[in-house]
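Protein chains get the first letters and strands the later ones, always in sequence-line order, with residue 1 at the start of each.
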Amino acid sequence: MRLHRRHDRPLCPRGTSATDGFVGLGLTVCEGIVMSHNIFAAVRVRVLAALHRVVPGLPDEVAARVEVTPPREPAHGDMATNAALVAAKAAGRRPQEIAAALVAALLADPLVAEAGAAGPGFVNLRLHAAAWRGLLPLILRTGEAYGDSTAGAGVRVNVEYVSANPTGPMHIGHCRGAVVGDALANLLAKSGCDVTKEFYVNDAGNQVTALAWAAYFRYLQALEVPITEAGFSDIVPGGLQYRGDYLIPVGEALAAEFGTALLSPEGWIAETDAWLVPVRDVTIAMMLGQIREDLAALGVVQDVFVRERELVEAGAVDAAIARLEADGLVYRGVLEPPKGKTIEDWEPREQLLFRATQFGDDVDRPLQKSDGSYTYFANDIAYHAGKTARGFDLMIDVWGADHGGYVKRMQSAAKAFGGTLDVVLCQIVHVLKGGQPLRMSKRAGTFITLRDLLDEVGPDAVRFTMLTRKSDAQMEFDIDQAVAQTRENPVFYVQYAHARCRSVLRAAAELLGAAAVAPAALAGVALDSLEHAAELALLRRLGGWPRSVEAAAVAREPHRIAFFLSDLAGDFHVLWNRGRDDSALRFLQPDRPVETLARVALVAATATTIRSGLAVMGVTPVEEMR
RNA sequence: GGACCCGUAGCUCAGUUGGAUAGAGCGUCGCCCUCCGAAGGCGAAGGUCGCACGUUCGAAUCGUGUCGGGUCCGCCA
């Protein structure tokens, strides 16, 4: 339970049986570094043991606040702990006094080389270099699974992202959510959660009716029915909405499948009864197919597609509303008009309302439109109730920031059905090219589809770049920078580090034989020669990987993985550059096989860790940059 | 009128959930390299963390207020 208490936002909701997974993690950590893979967690256990000796009877909730972290200032050592500061009040003693006792206790630990009290009561630790070197065999034997954790074991998580109207191709506005959701799902899976990636198809509303009309127009064109776009638009209720070329193939497909059967007997526009449903269904199927292709090109392949229309037709909405009624969470009432915002034809109206205020929302929310049909919200309630019924302990929805006002009501609804919903909002992406913002507008013809972006930049650069910002901050996507082969492009910088590692490993195989540089063989080599500051800095960075994964998962912030990899690449490039000026510092030294093998082990572990991180991001590691 | 997000170096952004002297890249300035380990390397300057109170051993981080930018506010999804 320690990890659970240490964070405000556990991987899984409180009070579920799934929290038992955290007990497992605590036990694993107690058994040592090898079991947990997380050297910081392992040292924390040792610090806690020492603290309990220094301060007998320390309450669990105080111990839970003890942290072992890398210090900002490397001069302070390898790790720092706030243990004495945290324990001082409960112990009724001065922090410095506890720190001093803690230092004495920790100096007896075989992992600890140096310990010292500093500042208001911090304890700084320096581990023996051997402790850090000991990570290499672990990493080499574990492979890309290095950084995997059991923190989320037993937690079933549903991550829903990209969900959109199937009314057209994916565009850049969808792209960020697709990447963030996919990487977040990967991150939670790496943390031990049982993750389902899901797409909710909004195919039940008015938008798909408008889409059907637009497709019908293209069908008429395919059959050369003589009608202009303007003339047709006058006939469509609300006017023709989707005018893009992308529906032309749909019209042709409809003509091929149905011939003239969807026309009136006179060869003209027929009553909607005669064509709307088949046109709609064919169009949605084709649009959805294109969306899935576009997403696949981005590397996004989701496990489950839920159709809103199927939920509605199966009666799921009626059932969900009935359940809410049974629980007394639904009533008929009149909402106040929003203040400060004038709505033209506002008139007080009695509506079916959900008591969202009982769960923390600001107002109760309508479930029915004036024509008696359900609102989108009502359908969404049924959808999320269904997720909880399917057995998910946690739901995470990734939405665009324009849905921010929708978060509280959906979380309220999730709670009403006993579920837990986290929402990750993705802010707007401004696309830059040649230093100029590309204004996206369908009319101006500067509308950028996901496919366009992928053709120009490639999926790896798109995914990595989308993860170089916190998702709730606006970001600029500079197309020129994303394809640049320079230091300022983090995609290149990280890929380049991996390619350099692989290059060294290929050369090492030439020099020493492939068998000698296989991971299993490298896991057994002598590592004592690794003692340069830059080598140890890289080792420490590698040791921070499991900790970074866990923190990113708990915070639901996959962008942290991108920053970790950039830092790791930086550490590696420093080491590489040492060999530029002084050939004795190069990784491969033909006359010094022991040192060479140690360095090759370090390089191999670096490549492995980079791959482990890129896998979370869904970015392909490259073998060479030529 | 209200809700949510953001405000950190000239620019674009991190900041390990409250820790020590706030960081990176670009840009600027200085030095080095420019054949064999390649698209560069080393270093410097640059900050009232929008502002004001508050919480405590300790605040960029939490609370309240305020200013600025963004998104949204019954039958679009």
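- As rounded to the nearest Å, B:rA44 and B:rG70 have C1' atoms that lie 37 Å from one another.
- Taking the side chain of A:Asn577 as heavy atoms from C-beta on, and the options B:rG74, B:rG19, B:rG41, the nearest nucleotide is B:rG41.
- Contact annotation for A:Pro120: base contact, defined as any heavy-atom pair under 4.0 Å involving a base atom.
- B:rG23 atom P lies 11 Å from atom NE2 of A:His76, rounded to whole Å.
- Within residues 403-410 of chain A, the residues that place at least one heavy atom under 4.0 Å from RNA chain B are, in residue-number order, A:His403, A:Tyr406, A:Lys408.
- Atom CZ in A:Arg365 sits roughly 16 Å away from atom P in B:rG2 (whole-Å rounding).
- For A:Lys387 and A:Glu198, the salt-bridge test fails: no basic side-chain N is under 4.0 Å from an acidic carboxylate O.
- In this structure, A:Gln96 places its CD atom 12 Å from C1' of B:rG58, rounding to the nearest Å.
- Counting non-hydrogen atoms under 4.0 angstrom, A:Ala118 reaches a base of the nucleic acid.
- Shown here are the ring pair (Phe, Tyr, Trp, His ring centres under 6.0 Å) partners of A:Phe464, two or more places apart in sequence or in another chain: there are none.
- Of the P atoms belonging to B:rU48 and B:rA22, the separation is 12 Å, rounded to the nearest Å.
- A:Asn82 has its CG atom 12 Å from the C1' atom of B:rU17, to the nearest Å.
- The salt bridge (Lys or Arg N to Asp or Glu O under 4.0 Å) pairs that include a residue from residues 350-363 of chain A are A:Arg332-A:Glu350, A:Asp361-A:Arg365, A:Asp362-A:Lys408, where partners are two or more places apart or lie in different chains.
- With sequence neighbours left out, A:Asn165 forms a side-chain hydrogen bond (donor to acceptor under 3.5 Å, both in side chains) with no residue at all.
- Heavy atoms of A:Gly205 sit under 4.0 angstrom from primed sugar atoms or phosphate atoms, though from no base atom.
- Using a 4.0 Å cut-off between charged nitrogen and carboxylate oxygen, A:Glu557 and A:Arg560 count as a salt-bridge pair.
- Residue pairs meeting the salt bridge (Lys or Arg N to Asp or Glu O under 4.0 Å) criterion with at least one member in residues 462-473 of chain A, sequence neighbours excluded: A:Asp182-A:Arg463.
- One interatomic measurement links the two molecules: OH of A:Tyr200 to P of B:rA77, which rounds to 11 Å at whole-angstrom precision.
- Because its NZ or CZ atom is both nearer than 6.0 Å to the ring centre of A:Tyr496 and within 45° of the ring axis, A:Arg500 counts as a cation-pi partner of that residue.
- Scanning both residues, A:Cys426 and A:Arg176, for their nearest heavy atoms gives CB-CD, 4.1 Å.
- When the P atom is used for both B:rC6 and B:rC62, the distance is 9 Å, rounded to whole Å.
- For the pair A:Asp567 and A:Arg578, both in contact range of RNA chain B, the more 5′-proximal nearest nucleotide belongs to A:Asp567.
- Under 4.0 angstrom from either OP1 or OP2 of B:rA77 there lies at least one side-chain N or O belonging to A:Asn206.
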Scan nucleotides 7-16 of chain B against the protein and return all N/O pairs shorter than 3.5 Å with their distances rounded to 0.1 Å.
residue	atom	partner	partner atom	Å
B:rU12	O2'	A:Arg469	NH2	2.7
B:rC13	OP1	A:Gln474	O	3.3
B:rC13	O5'	A:Arg469	NE	3.2
B:rC13	O2'	A:Arg469	NH1	3.4
B:rA14	OP1	A:Lys470	N	2.7
B:rG15	OP1	A:His559	NE2	3.3
B:rU16	O2'	A:Arg547	NH1	3.2
B:rU16	O2	A:Arg547	NH1	3.2

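- Between the side-chain ring of A:Phe122 and the base of B:rA20, a stacking contact exists by the 5.5 Å and 30° definition.
- Atom C1' of nucleotide B:rC76 and atom CG of A:Leu211 are separated by 15 Å, given to the nearest angstrom.
- Counting non-hydrogen atoms under 4.0 angstrom, A:Gln368 reaches nothing in the nucleic acid.
- Base-pairing analysis of RNA chain B finds the following stems of at least three consecutive Watson-Crick or G-U pairs, with both pairing distances under 3.5 Å: B:1-7 with B:67-73, B:10-13 with B:23-26, B:28-32 with B:40-44, B:50-54 with B:62-66.
- Look at the P atom in both B:rU16 and B:rG23: the space between them is 13 Å, to the nearest Å.
- Within the nucleic acid shown, A:Ala204 has no heavy atom closer than 4.0 Å to any nucleic acid atom.
- Every residue two or more places apart in sequence or in another chain was checked for a ring pair (Phe, Tyr, Trp, His ring centres under 6.0 Å) with A:Tyr376, and none qualifies.
- Remark: P of B:rG74 and CG of A:Asp361 are 13 Å apart, rounded to the nearest angstrom.
- Taking A:Gln241 as the reference, nothing meets the side-chain hydrogen bond (donor to acceptor under 3.5 Å, both in side chains) condition, with sequence neighbours excluded.
- Annotation: salt bridge (Lys or Arg N to Asp or Glu O under 4.0 Å) contacts of A:Arg126 (sequence neighbours excluded): A:Asp78, A:Glu114.
- To the nearest angstrom, C1' of B:rA24 lies 10 Å from OH of A:Tyr493.
- The same atom, P, is picked in B:rG41 and in B:rC36; the two are 15 Å apart, to the nearest Å.
- Using atom P as the reference point in both B:rA9 and B:rA14, the two lie 12 Å apart (nearest Å).
- Sequence neighbours left out, not one pair with a member in residues 371-381 of chain A passes salt bridge (Lys or Arg N to Asp or Glu O under 4.0 Å).
- An OP1 or OP2 oxygen of B:rA39 is reached within less than 4.0 angstrom by a side-chain nitrogen or oxygen of A:Tyr496.
- Closest approach to the A:Ile428 side chain among B:rA38, B:rA20, B:rG70 is made by B:rG70 (side chain taken as heavy atoms from C-beta onward).
- Taking atom C1' on both nucleotides, B:rC29 is separated from B:rA45 by 8 Å, rounded to a whole Å.
- Distance from the side chain of A:Val574 is smallest to B:rC42 among B:rC42, B:rA77, B:rG74.
- Taking A:Pro95 as the reference, A:Leu85, A:Ala88 meet the side chain to side chain contact (heavy atoms under 4.5 Å, CB included) condition, with sequence neighbours excluded.
- For A:Ala555, counting side-chain heavy atoms from C-beta on, the closest listed nucleotide (B:rG37, B:rA20, B:rU17) is B:rU17.
- Using the six-membered ring where Trp is involved, A:His174 and A:His171 have ring planes that are tilted, between 30° and 60° apart.
- Within the nucleic acid shown, A:Glu347 comes within 4.0 Å of at least one base atom, counting heavy atoms only.
- Nearer the 5' end of RNA chain B, as judged by each residue's closest nucleotide, is the contact made by A:Gln485, out of A:Gln485 and A:Gln351.
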